[in-house]
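In what follows, a single structure is set out as structure tokens and then discussed.
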Amino acid sequence: MKKMNTNPVVRQLKTRLRELAYLASARALLHWDQETYMPKKGVGKRAETIAYLTGLLHEKFLAKDFEELLLRSKAELEEGRLGEMDAAIVRETFREFEIEQKLPLGFVKELARVTSGAQSAWVEAREKSDFSAFRPHLERVVALKQKEANYLGYPNSPYDALLDLYEPGATTAEISVILQDVKKFLVPFIEKIVSSGVSVDPKMITGRFPRRKQERFIRFVLERLGFDFDAGRMDVSAHPFSIGFHPYDTRITTRFDERNLISALFGAIHEAGHALYEQGLPMENFGTPLGESVSLGIHESQSRMWENMVGRCISFWTYFYPRLQKEFPKPFAGIPLQNFYSIVNAVRPSFIRVEADEVTYNLHIILRFEIEKEIIEGTIEVKDLPEVWNAKFKDYFGLTVSKDSDGVLQDVHWSQGSIGYFPTYTLGNLYAAQFYAAARRNILSLDKEISLGEFGLLREWLRKNIHIHGKLYRAKDLVKEATGEPLTAKYFTDYLMKKYEAIYGLK
Ligand code: ZN
């Protein structure tokens, strides 16, 4: 049962949290501007401005009177005087406060300095495919992340502490089991696809796709999906992203390539999936944890569901394909719907994660998870990384990595100190499949709706079962609440099996 009337101490806390949120959203807007419209020469001063605001936020969050208010709120919680919603606000705020408090300022500054150096070293090392140039930087990053885990504390593995920063409440042991299940399914499944003899060639889609026309088509799709352009925008940036200041101002970016319509299109649907989550958060809880997304994994579940489960299903294109054909008769007039559907779902093992299809993608993630876990636990050394990577890659994908830029050097994450982040991508896929299966059980006409370009029922289901709660539940509990059972890999592997057995004529 939800108790709506706010406890007086928590009411004060909420006022203070909203003040922090105003500052944070101003800072976020500066970030958005930097990635989209800011003139090149403004970068230096902008970085100073953002750093100042970050310092101010930190100061306000750790101020003595804020701490006292938070401790009083926590006492209310422990004495059982809080309703479910107030309790979640206090629990989540205290969690964040503890993290900030456990990390000494000197350490935070050193990590920022070292990762900033590591990132520029990584860019250069990747260009030259030279791991040895990156190695000393990565060694420093890893040492600091191990130190960070020690500051934060952990039950079993130091990796627990880092994972918890991105997916609160998830443990290394639990997700290892689930990811192993996914791996056991994927390795033989991909082999079956590769040896099916069916070859689907994405290169069939060639042509020139003028930017203006691409944008028009994408806007049409996003409007149908329910992205509210009166409460959001779409702009262009080098790396697509989404950012929500609050539910009434949530923005996405995309990038256009006049030779490749498909990447802008699915990229935009992905970001719109993130944005629909942000637009679905309850405005009345702005600034408090109840107005925020649950975790990276849950956020990713929304983008991947819209991009892959909805955006790459046949019903979706039954509705949108005639319009696509009309907008771009060359080449689509000559490609039947069924072929187009196969092409956008082509599976092929490849070296680069960000270019991977939805099946092989997760194997890329599992490989990274296994490696970064051992690095943090100290059972693999940084110097051995290329060798370990390439051996695993051969084992899982059957491919031989010939240069580190196609292997261990391809991702920016480790140079940024984002260790523990990768699993959230695959968790996102698993959550997505489990949510989607539950939505289907509730909306029996879902496929029919989608084939008519109607997404309202799905959106409402997601809003009611996921978005509206903010951080009321941790990811683990949210999955149980929304689907009736704990997270399992079963829904995802079933989904892949059903879809790809048909496309590749397996069985
Ligand atoms: Zn995403």
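Index from 1, following the sequence. In listed order, ligands and their atoms are each counted from 1.
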Do you know the tightest heavy-atom contact between Ala264 and Thr254? O-OG1, 3.7 Å
Describe, in one word, how the ring planes of Phe397 and Phe393 are oriented to each other, choosing from parallel (under 30°), tilted (30 to 60°) and perpendicular (over 60°). parallel
Mind telling me whether Phe320 and Phe455 have parallel, tilted or perpendicular rings, with 30° and 60° as the class edges? parallel
Please enumerate all residues that pass side-chain hydrogen bond (donor to acceptor under 3.5 Å, both in side chains) together with Thr483, with sequence neighbours excluded. Gln434
Closer than 2.8 Å to the Zn ion (ligand 1), what protein N/O/S atoms do you find? His270 NE2, His274 NE2, Glu300 OE1
Set of residues satisfying ring pair (Phe, Tyr, Trp, His ring centres under 6.0 Å) with respect to Phe245, sequence neighbours excluded: none
Let me have the donor-acceptor pairs involving side chains of residues 177-191, under 3.5 Å, with sequence neighbours excluded, atom names and distances please.
{"residue": "Gln180", "atom": "NE2", "partner": "Glu370", "partner atom": "OE2", "Å": "3.2"}
{"residue": "Lys183", "atom": "NZ", "partner": "Glu370", "partner atom": "OE2", "Å": "2.7"}
{"residue": "Lys183", "atom": "NZ", "partner": "Tyr396", "partner atom": "OH", "Å": "2.9"}

